[in-house]
Each structure stands twice: as C-alpha cells, then as structure tokens.
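Right, one structure below, let's go through it.
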Protein chains: 2
Amino acid sequence: MGFGADDISQTKKMNYSRTPLQAQDHVLAERKRRERLTQYFVTLSTLIPNLKKLDKASILGDAITYIKQLEEQVKRLDEEANKEPVVAVKRSRLLSNYDNSSTCNENSNKSVVPDIEVRASDGNVLIRVSCKKQEGIIKEIFSQVEMFHLTITSSSVIPFGYDTTHITIVAQMDHQLNMTTDNVANKIRLSIMKVINSHE
Amino acid sequence: MGFGADDISQTKKMNYSRTPLQAQDHVLAERKRRERLTQYFVTLSTLIPNLKKLDKASILGDAITYIKQLEEQVKRLDEEANKEPVVAVKRSRLLSNYDNSSTCNENSNKSVVPDIEVRASDGNVLIRVSCKKQEGIIKEIFSQVEMFHLTITSSSVIPFGYDTTHITIVAQMDHQLNMTTDNVANKIRLSIMKVINSHE
DNA sequence: TCCGACACGTGAGAC
DNA sequence: TGTCTCACGTGTCGG
C-alpha cells in the first residue's frame, strides 16, 4: 500500500516532477480507475435490498451484513435439506453416487434407491423392502426370512412404476429363540441388504 | 454527490480559502472517513471465499458475484426444500418418543407410531400407511385416495402385532390432471394424515 | 453556519 | 522499465 504525504510538514517540493509530457496520462488513468470503482459501487448497491442511503460506507456495511445474512440462510437451508427423515427408517444407500448436494437435479435414480425397513413388536416382525425388479430376488428375500425360523403370516408383493417392487412381509417369531425382537430385526435387515447388494 | 474540480482547465485559485484555524479539522475528518472505508474493505474481503487479489476493485467485483451466487443458491435451496423429495418420506410423527437407536428396548409404542409414506414415480403413486387398528379408518383412507382421481392398481392391508395395520396402495395418476407427481403425493400425504389425526 | 460525503489531482510504493 | 493501486490533501457541494 502506497503512502502519500503522510505528515503535515509540508515538503511540497519533491525532487522529481513527473515527465510533464504524460503526467496527464496519470490523471487520466486515475480518473478511469475511480470511474470503475464508482461503477462497482452502484452495481453493488442494486443487489442489496432495503438500502436507504447510498453512501459508500452504507453500501459496504450493508453489503457485509447482507452477505452474512445470506450465508447464514444458506447454511440453515442446507442442513435442513440434508437432515434425516423424521422417523428415521434405517435405510441402506446402495448407490454410492447418490447425490445429496444441493445442486442435484431430479435424478431418476432417486426413486429406485433400494431401502429396507424392519420393525418388531410383540413377537411379530414387519419387513418392508423396496427395490428394483430383479430375477429371483424375491425368492432370495423370502429364503433369507425363513432362515430366521420365522412363520410368515401374510405378505404382499406389489409392482410400483416401471422397475420397482414393493414387498411387505409380516411374520411371527419362534418363541424358542431367545433373541430380542430388535436383535432379530437388525439381523434380518443386514441379511436382506446383503442379498440386494449382491444383485447390484 | 459533490463534484470537485471537474475539468482540466485550471481554475486553481478558488474564491474561498478555508478558515485556516480548523482547515486541519477537515483533513482529519477526511482521514477518519477514509479509515472507515478501508476497514469496511478489509471486513468485506474476509467474507469472500477464494479471493486472490486484495484490490478494491477485485473486492467489490468478487463481492458482487458472490452475492449473486449466494442469492441463486438460496433460491435453489428454498424451492427445493418446499417441494416434496422424490424418495421422500416426509413422515408425520405423532409420538415424539419414538426411539430409533439400535439399542432401544422393546417398546410397544414403536409398532403403533402412525406414519405415512407417499412416493411418486412415472405417474404412479405408492402410499404406505402404518397406523392403529381403528373402526372405519381403512375405508376413510381409501376414500381419501379416490378423491384424487387415482386408479388403484393394487393394494394390501396387513395386520401387524396386536393393534397395528399396515396398508400399501399403488395407484395410477389420471393424466388429465396436470399436477406434478410430487404435488399429488404431498396432497395425499396431508389428506391421510388429517384422517388419522382425527381418529387419535 | 458547519459537518459529512464526494471527486479530483498527485506523489509514492509494488510488481 | 512502465503500469497499477493506493492514501493523501483539497475544493466543493448538500442538508
């Protein structure tokens, strides 16, 4: 940063006067520079809402507060968009390129993300799977369920859209297994997730 | 806006010289003003990411582009937050003590949390409701679904545990409705949620 | 009247 | 080397 005549002691007579031929070039360039800065100021002032005074200081100050406010708002919206669903279903994200950034467009992959929900209550287990239609995947899922000595009381397999299958199974736990329902639920979830993963 | 010596024609000898006693007050005030402006500039420069040059012009220019970028980002996030995500799962939580951790004990409340999931894909709508067994609630849910001019292609109603019912419905949207699938999904979700709430 | 804000011309440092 | 940017002091308006 250059410093001009800093102190008040007038040393007005400097040794070198500029080349007088184009010393005016200097003033012209400086004029141009000021002009650019002023233009920046008016451009900036148009971006700031509720700007009352057009002071350079006010423009700068309000720009600062406005940027802070915008950043805070972005942060709020961002973490609100990325927060987990309210009743957080355990969900396996099998597509690694699942884009959760704010710039993602409506990707059709999003509708076919396979997800699994297992919940247990009163010795019963509810299994809900939503996955792509795949050859033999239903058989394998049922096979996995039976490996836990569960008695299936009802089930439904419902197609949804072009390539999605929605499976709902309710089964009863064998009482001779001394496992907690949550433990069983977790094991089933992992098992099915593994099956689906092997098909991807 | 004040204008100084505008043109090059040197009329250097102006009529009034300032009161010499506190003409220095003027330079002091101006010095203070410049100081404030400079401080604003450095404060502003700290807010702008990836700022390479510390020019006033660069600071202003990058501040302008940064504000535009932030505004655009806010706009994008805002309209993204208000639209229903495709995969969805905005879920009404009526019982606040729902424990989704893996170490949760067998709380019978878990199985009766009424929750609704609506997702839309390829003009189809999948509706999944899990709620308490209640007199006539199934009829009302189906009635609500039909009010949206949806053609139900398949459905299942499965009991789960002592007092829970799990309902899955897949329906096709009427093409003459020029509504987005997400919009329909959201409306259905609200409608069913209202029905269930009135039964609680 | 004075105070605040502005543009101006200018010397000087930085790359 | 020249070119760019800066702070400075100053004259001049407006409220």
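Chain A is the first sequence line, chain B the second, and so forth, proteins listed ahead of strands; every chain is numbered from 1.
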Exercise. With side chains defined as the heavy atoms from C-beta onward, is the minimum distance between A/Ser130 and A/Thr165 less than 4.5 Å?
Worked result: no

Exercise. Does A/Arg31 put a side-chain nitrogen or oxygen below 4.0 Å from OP1 or OP2 of C/dG9?
Worked result: yes

Exercise. With sequence neighbours left out, what residues match A/Lys32 under salt bridge (Lys or Arg N to Asp or Glu O under 4.0 Å)?
Worked result: A/Glu35

For this session: Return yes if some donor-acceptor pair links the side-chain N/O of A/Ser58 with the main-chain N/O of A/Leu54 below 3.5 Å, else return no.
Result: no

For this session: Tell me, please, which residues at least two apart from B/Arg36 pass salt bridge (Lys or Arg N to Asp or Glu O under 4.0 Å).
Result: none

For this session: Look at A/Lys56 and C/dA7 and indicate whether a side-chain polar atom (N or O) is within less than 4.0 Å of OP1 or OP2.
Result: yes

Exercise. Taking atom P of D/dT10 as reference, at what distance in whole Å does atom CG of B/Leu28 sit?
Worked result: 12 Å

Exercise. What's the CG-P distance between B/Leu54 and D/dC6, to the nearest Å?
Worked result: 9 Å

For this session: Side-chain contact test, heavy atoms from C-beta onward, threshold under 4.5 Å: evaluate it for B/Val118 versus B/Val125 and give yes or no.
Result: yes

Exercise. Between D/dC4 and A/Lys32, is there an OP1 or OP2 to side-chain N/O distance shorter than 4.0 Å?
Worked result: no

Problem set entry | Euclidean distance, atom CD1 of residue B/Ile59 to atom C1' of D/dC6 [Å, nearest integer] | 12 Å

Problem set entry | Salt bridge A/Arg76-A/Glu71, side-chain N to carboxylate O under 4.0 Å | no

For this session: Measure from the side-chain heavy atoms of A/Val27 and tell me the nearest of D/dC6, C/dT10, D/dG11.
Result: C/dT10

Seminar exercise, completed: Expected list for residues 33-52 of chain B near DNA chain D, using heavy atoms below 4.0 Å, is B/Arg34, B/Thr38

Exercise. Between atom CD in B/Gln24 and atom C1' in D/dG9, what is the gap in whole Å?
Worked result: 10 Å

For this session: Give the nucleotide from the list D/dC6, D/dG9, C/dC6 with an atom nearest to the side chain of A/Glu30.
Result: D/dC6

Exercise. If you write DNA chain D from 5' to 3' in dot-bracket form, with Watson-Crick or G-U pairs under 3.5 Å, [ ] for crossing pairs and | for pairs with another strand, what do you get?
Worked result: .||||||||||||||

Exercise. Would you say A/Lys68 has more than 12 foreign heavy atoms packed within less than 6.0 Å of its NZ?
Worked result: no

For this session: State which residues pass side-chain contact (heavy atoms from CB on, under 4.5 Å) with B/Gln69; sequence neighbours excluded, sorted by chain then number.
Result: B/Tyr66

Exercise. How long is the line joining CG of B/Asp55 and P of C/dA14, in whole Å?
Worked result: 15 Å

Seminar exercise, completed: Those residues at least two apart in sequence (or on a different chain) that pass salt bridge (Lys or Arg N to Asp or Glu O under 4.0 Å) with A/Lys53 are A/Asp55

Exercise. So, does the side chain of A/His26 form a donor-acceptor pair with the base of C/dG11 at under 3.5 Å?
Worked result: yes

